Structure formats: structure tokens, C-alpha cells
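See structure below.
Everything quoted here is computed from the prediction, not taken from an experiment.
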Amino acid sequence: MVKWLGFDYGTALYASDYFDTMYQAAELLISEGHAYVDSQTAEEVQLNRGSFTVPGKNSPYRERRIDDNLALFREMRDGRHPDGSHVLRAKIDMASPN
């Protein structure tokens, strides 16, 4: 809790209460080319992640067309893919040690 900082948020907040807002934000990020749907396995993501001393590698799905990303993301929302088979990722600098 952050009550000791003087913040009182009243009732508990749940991410599910804001699903529509977060979903719209995700579609906007995809539409503007700042996010993509990654179809790598968890093991592949871990291998390509990099570290503080070794730069990460871009996903082979990073340059998927925006329209294809949006279609796949909408299919994910509709439950047409098994859990964990795709994930939304931000297009970050994979060479950054941060």
C-alpha cells in the first residue's frame, strides 16, 4: 500500500475493469508501429533476450506487417489461439542494457 505516502485510492482497482481501455491502447501502439505480436516460444524469447553485457536479438516477427499484427491481435482477443502461443511486445531497442 502507498497509504503512508498520503495516497488513498478508495476501493480496490482491477485491471479487468480497464480491459477495453488497455485493449484500445494496445491497438493504437500496433497501428503506430510501436508494438507487434510475437509468436516465438518462451524458450526462444529467453534465448534472444540478451543481458547487461550481451545485446538481445530482434524477434523474427518484429517486422510483421501492421495489418497482420492487428488481425492476429484481434484473433488473440477472440480466443482463437492457445494461451501463450503469441504475446504483444513493445518495439524496444534490443541492444540496450536496460
Between CG of L29 and CZ of F73, what distance do you get to the nearest 0.5 Å?
9.0 Å
Decide yes or no for L70 and I66: does some side-chain heavy atom of the first lie under 4.5 Å from some side-chain heavy atom of the second?
yes
Hey, is the main chain of A95 close enough, under 3.5 Å, to the side chain of D93 for a donor-acceptor pair?
yes
Taking L72 as the starting point, is it possible to reach I30 by hopping between hydrophobic residues whose side chains are less than 4.5 Å apart?
yes
As an exercise, state the distance from CG of N69 to OH of Y61, rounded to the nearest 0.5 Å.
12.0 Å
Could you check whether any side-chain heavy atom of Y18 comes within less than 4.5 Å of a side-chain heavy atom of L13, counting everything from C-beta outward?
yes
What heavy-atom pair brings V37 and R64 nearest, and what distance separates the two atoms?
O-NH1, 3.0 Å
More than 12 non-hydrogen atoms from neighbouring residues, nucleotides or ligands closer than 6.0 Å to CG on D83, yes or no?
no
Which residue pairs pass the salt bridge (charged side-chain N to carboxylate O under 4.0 Å, His left out) test with at least one member in residues 42-59, sequence neighbours excluded?
none
Just how far is it from atom OG of S85 to atom CD of E75, taken to the nearest 0.5 Å?
10.0 Å
Do M76 and F19 sit in the same hydrophobic cluster, where Ile, Leu, Val, Met, Phe, Trp and Tyr count as joined when their side-chain heavy atoms come under 4.5 Å apart?
yes
Is any NZ, NE, NH1 or NH2 atom of the basic residue among R80 and D78 found under 4.0 Å from an Asp or Glu carboxylate oxygen of the other?
no
Which heavy atom of S59 sits nearest to which heavy atom of R89, and what is that distance?
CB-NH1, 4.4 Å
Non-hydrogen side-chain atoms of K91 and H34 separated by less than 4.5 Å
no
For Y23, check side chain to side chain donor-acceptor pair (under 3.5 Å) against everything at least two apart and list the hits.
E27, R77
Starting at CZ of R62, measure out to CG of N48 and round the result to the nearest 0.5 Å.
12.0 Å
